[in-house]
Amino acid sequence: MVSFHGSQTTSSTATLTHSPIYHAIIQAGPRLKPLQQVHARITVTGSGRSRSLITKLLSFAYAATSPISYTRALFFSIPNPDTFLFHSLITLTSKFKFPQESLLYYRRMLLANISSSNYTFSAVIKSSADLMTFSIGKTIHCHVLICGYGLDTYVQAALVSFYAKSGHVGIARKVFDKMPDRTVVAWNSMISGYEQNGFGKEAIGLFHLMRDSGVKPDSATFVSLLSACAQVGASGLGCWVHEYIARNNFDLNVVLGTAMINMYSRCGNVIKAREVFYSIKEKNIVAWTAMISGYGMHGHGSHALELFSEMRVNGPQPNTVTFVAILSACAHAGLVNEGRRIFASMRQEYRLEPSVEHLVCMVDMLGRAGHLNEAYQFIKDMPKEPAPAVWTAMLGACKMHKNFDLGVEIAEHLLSFEPENPGHYVMLSNIYALAGRMDRVEKVRNIMIRNRLKKEVGYSTIDVDQKVYLFSMGDKSHAETNQIYQYLDELMGRCREAGYIPASESVMHEVEEEEREHALRYHSEKLAIAFGLLKTGPGVPIRIVKNLRMCEDCHAAIKHISVIANREINVRDRLRFHHFKDGSCSCRDYW
DNA sequence: TTAGGGTTAG
């Protein structure tokens, strides 16, 4: 590697662009080999005395593939790098997603006593966010304050994004609230921060605040907003975004389009999702995968398979995420042979190594379909100890097919290496309850109480007139609680007359029969449905989003409600969609 | 020249 000794002066821009070496760099472009050839020329001719040439060379090298070892060596060959070189390197490495390199140069810059600007600060904060290094980011925040950049718009927006990406939404909001002049990017950072941390409702709330404060949303705002709508099932607002985009002639680029596909799919409208998918001009693998996944969560396995085949002919190469989506679609539609074939093709045709997610899909697919032995053998054949998620899928299959012995064995195995996971205890308890072993159910419950392990709280949301309402089990916080409960009692009475029998084993703890029925009756989804039926006119479909899986009792009850109330009811639970109509569910009870 | 955006299992 060449060294650049002596006191180098930076050529003026005019001299630089007239240099034949400069033209050779431009011609080489972001290709490592040709750049290295130009570098050799620089070495031989001694033109390396020009720092600008080296900086230009570096900028192209970063745009090339796998440039790290080369560019790093190039950098370390330069004695006393100047401010300009450091700034270029930090912004380039951050831009081209080499966050570790970016922080390395920042450290060297500090050691060389060269001060940072708002450009370098925003770049290294972004790098800390990409690297998920909270302590480094916090330290840089201190540097920012010491150096007097605490009120710089760009730096602040980067900080908001950094804190949100590291899961500290509260701190992000504090930084955001302190900003004197909030740009659209700052709003977007905070909205996206909420959405990505699972605070969809807060993201939507902040969007309304943004509009009230007169800041015009842009395409990135809508991408995050659509994701938030998808999260909480805010179909009304999601449709409004679609109309707004059309009315204001926004370009439906692939990122915005994909967010829209996801919103429509997760809000229950797979037909609209499909329309958007076909209207995107330049569809990439993410868009194709989103659409396949949309079909999958609605149980449209054959549509997912058709699209997957179409993609193999007309579309981009599937990636590992695509395979998760298609395998999951096969699992939910009971398409076992197709799933087996696709799983085999991953390695054979696409040279993609299956990861935990793919193995989980396979166990889930085989298990759901009742091939418990094959699923178990599939796990046993794995070369190393399977991840807990694989066993969890197997446990789910045991519960589904009421295989008590195997279920207990697996639950105990899971608990031996994840003793703090309340989900496993709940599952074990459910399996005991199915086998009528209420003494064991009580025992599991006591262990949970002793170890202070809490079951995740279930809740359901419903969108009425562009407003999202949330219900938890036995919720009495709503203004119209009395009416809701009265109507629900009436509905359940009519369900009973129509032949519905409460599935009391869905209640975890051991209580008297009457009390168990009472606990079932006020599950969050039933309350949300009663509210929806009261608040919307005849024929309007009811759309519910539940954070956990629906219990068997609710599934059975909603089938009856769809007949009694003569209404289409769509429920998205943690795993998939259930479209209830005329007494049956689109999942054909396969869930 | 800076800051913000889409897809995946249980």
Side-chain angles (χ1 to χ4, degrees), chain A residues 59 84 87-88 90-92 94-95 117-126 129 149 152-162 164-165 179 182-193 195-196 217-228 230 253-263 265-266 276-277 280 283-294 296-297 318-329 331-332 354-365 367-368 387-397 414 421 423-424 427 549 574-576:
Chain A
S59 72
F84 186 76
H87 285 194
S88 309
I90 288 170
T91 44
L92 278 168
S94 163
K95 184 177 160 197
S117 69
N118 54 347
Y119 291 93
T120 43
F121 276 132
S122 41
V124 284
I125 292 165
K126 186 176 147 71
Y149 286 101
D152 181 273
T153 324
Y154 293 93
V155 176
Q156 280 178 318
L159 281 169
V160 168
S161 175
F162 159 74
K165 278 185 185 153
M179 297 180 76
R182 291 174 195 148
T183 59
V184 63
V185 178
W187 284 97
N188 292 350
S189 307
M190 197 59 233
I191 292 173
S192 128
E195 186 274 315
Q196 289 184 355
D218 66 8
S219 167
T221 319
F222 288 128
V223 172
S224 296
L225 184 62
L226 286 169
S227 301
N253 64 35
V254 68
V255 178
L256 190 55
T258 305
M260 189 96 77
I261 292 171
N262 191 36
M263 183 278 293
S265 299
R266 287 182 188 271
V276 174
F277 174 74
I280 299 173
K283 294 186 266 291
N284 62 13
I285 189 60
V286 184
W288 283 85
T289 305
M291 194 59 234
I292 289 172
S293 155
M297 70 178 87
N319 63 18
T320 52
V321 182
T322 319
F323 277 99
V324 175
I326 189 70
L327 288 174
S328 162
H332 284 286
S355 63
V356 175
E357 288 87 346
H358 304 100
L359 302 177
V360 169
C361 285
M362 285 303 285
V363 170
D364 183 46
M365 180 188 81
R368 267 173 206 281
V390 175
W391 288 116
T392 309
M394 187 69 213
L395 185 58
L414 255 173
N421 189 327
H424 301 332
M427 195 65 113
R549 278 189 74 178
R574 177 172 273 189
L575 295 189
R576 57 164 296 153

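We name chains A, B, ... by the order of the sequence lines, and we start the count at 1 in each one.
Side-chain proximity of A:L575 to the nucleotides B:dG10, B:dG6, B:dT7 is greatest for B:dG10. Among B:dG6, B:dA9, B:dT2, the nucleotide with an atom closest to any side-chain atom of A:S328 is B:dA9. Across B:dA3, B:dT7, B:dG10, the shortest atom-to-atom separation from the side chain of A:A157 is found for B:dA3. When distances are taken from the side chain of A:T153 to each of B:dA3, B:dG6, B:dG10, the shortest belongs to B:dA3. For A:S122, counting side-chain heavy atoms from C-beta on, the closest listed nucleotide (B:dG10, B:dA3, B:dT7) is B:dA3. In the set B:dA3, B:dT7, B:dA9, the nucleotide with an atom closest to the side chain of A:A158 is B:dA3. Minimum atom distance to the side chain of A:V321 is reached by B:dT8, of the listed B:dA9, B:dG5, B:dT8. Taking every side-chain heavy atom of A:A290 into account, B:dT7 is the closest of B:dG5, B:dT7, B:dA9. Among the nucleotides B:dG5, B:dT7, B:dA3, the one closest to any side-chain atom of A:N319 is B:dT7. Of the listed nucleotides (B:dA9, B:dG5, B:dA3), B:dA9 has the atom at the smallest distance from the side chain of A:V360.
Considering A:T289, A:I326, A:I285 in turn, A:T289 is the only one that fulfils the side-chain contact (heavy atoms from CB on, under 4.5 Å) rule with A:V321.
Among the protein residues, A:K126 comes within range of the sugar-phosphate backbone only, with heavy atoms under 4.0 Å from sugar or phosphate atoms but none that close to a base. Backbone-only engagement by A:R266 is indicated by non-hydrogen atom pairs under 4.0 Å involving sugar-phosphate atoms exclusively. The residue A:V160 sits apart from the nucleic acid: no heavy atom pair falls under 4.0 Å. Among the protein residues, A:K283 comes within range of no part of the nucleic acid, since none of its heavy atoms lies under 4.0 Å from any strand. A:H332 comes within contact range of the sugar-phosphate backbone alone, with a heavy-atom separation under 4.0 Å but no base atom that close. Residue A:D364 is in sugar-phosphate contact alone, with no base atom involved, counting any heavy-atom pair closer than 4.0 Å across all strands shown. A:S355 comes within 4.0 angstrom of nothing in the nucleic acid, heavy atoms only. Within 4.0 Å of A:A389, counting heavy atoms only, lies at least one base atom of the nucleic acid.
In this structure, the CG atom of A:L327 is 14 Å from the P atom of B:dT8, given to the nearest Å. In this structure, A:D152 places its CG atom 16 Å from P of B:dT1, rounding to the nearest Å. Atom CD1 of A:I280 is separated from atom P of B:dT7 by 12 Å (rounded to the nearest Å). The CZ atom of A:F222 sits 13 Å away from the C1' atom of B:dG5 (whole-angstrom rounding). At whole-Å resolution of the value, CG in A:N421 and P in B:dG10 are 16 Å apart. Between the P atom of B:dT1 and the CZ atom of A:F121 lies a distance of 21 Å, rounded to the nearest Å. The distance from atom CG of A:L395 to atom P of B:dA9 is 19 Å, rounded to the nearest whole Å. Atom CD1 of A:I125 and atom P of B:dT2 are 16 Å apart (whole Å).
Annotation for A:S224 and A:I191: closest pair CB-CG2, 4.0 Å, computed over non-hydrogen atoms.
Contact annotation: side chain of A:D218 to base of B:dG5, donor-acceptor pair absent below 3.5 Å. Side-chain atoms of A:S219 and base atoms of B:dG5 include a donor and an acceptor less than 3.5 Å apart. Scanning atom types as modelled, no donor and acceptor separated by under 3.5 angstrom connect the side chain of A:T392 and the base of B:dG10.
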| message | What verdict does the side-chain hydrogen bond (donor to acceptor under 3.5 Å, both in side chains) test give for A:N262 and A:S265, after you've listed the backbone C-alpha separation in whole Å, the side-chain angles of each residue and the deciding distance to 0.1 Å? | response | CA-CA 5 Å; A:N262 191 36; A:S265 299; 5.7 Å; no
| task | Report the C-alpha distance between A:L575 and A:H332 in whole Å, list the side-chain angles of each, state the deciding distance to 0.1 Å, and finish with yes or no for side chain to side chain contact (heavy atoms under 4.5 Å, CB included). | result | CA-CA 9 Å; A:L575 295 189; A:H332 284 286; 4.2 Å; yes
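Within the 4.0 Å cut-off from OP1 or OP2 of B:dT8, at least one side-chain nitrogen or oxygen of A:S293 is found. OP1 or OP2 of B:dT7 has at least one side-chain nitrogen or oxygen of A:N262 nearer than 4.0 Å. Between A:S192 and the phosphate of B:dG5, there is a side-chain N or O to OP1/OP2 separation shorter than 4.0 Å.
Side chain of A:S189 to main chain of A:V185: a donor-acceptor pair is present (N/O by atom type, distance under 3.5 Å, no hydrogens or angles). Using a distance-only test at 3.5 Å, with no hydrogens or angles considered, no donor-acceptor pair links the side chain of A:D364 to the main chain of A:G367. With A:S88 contributing its side chain and A:F84 its backbone, the two residues share a donor-acceptor pair below 3.5 Å.
Ring stacking holds between A:Y119 and B:dT1, with the centres under 5.5 Å apart and the planes within 30 degrees of each other.
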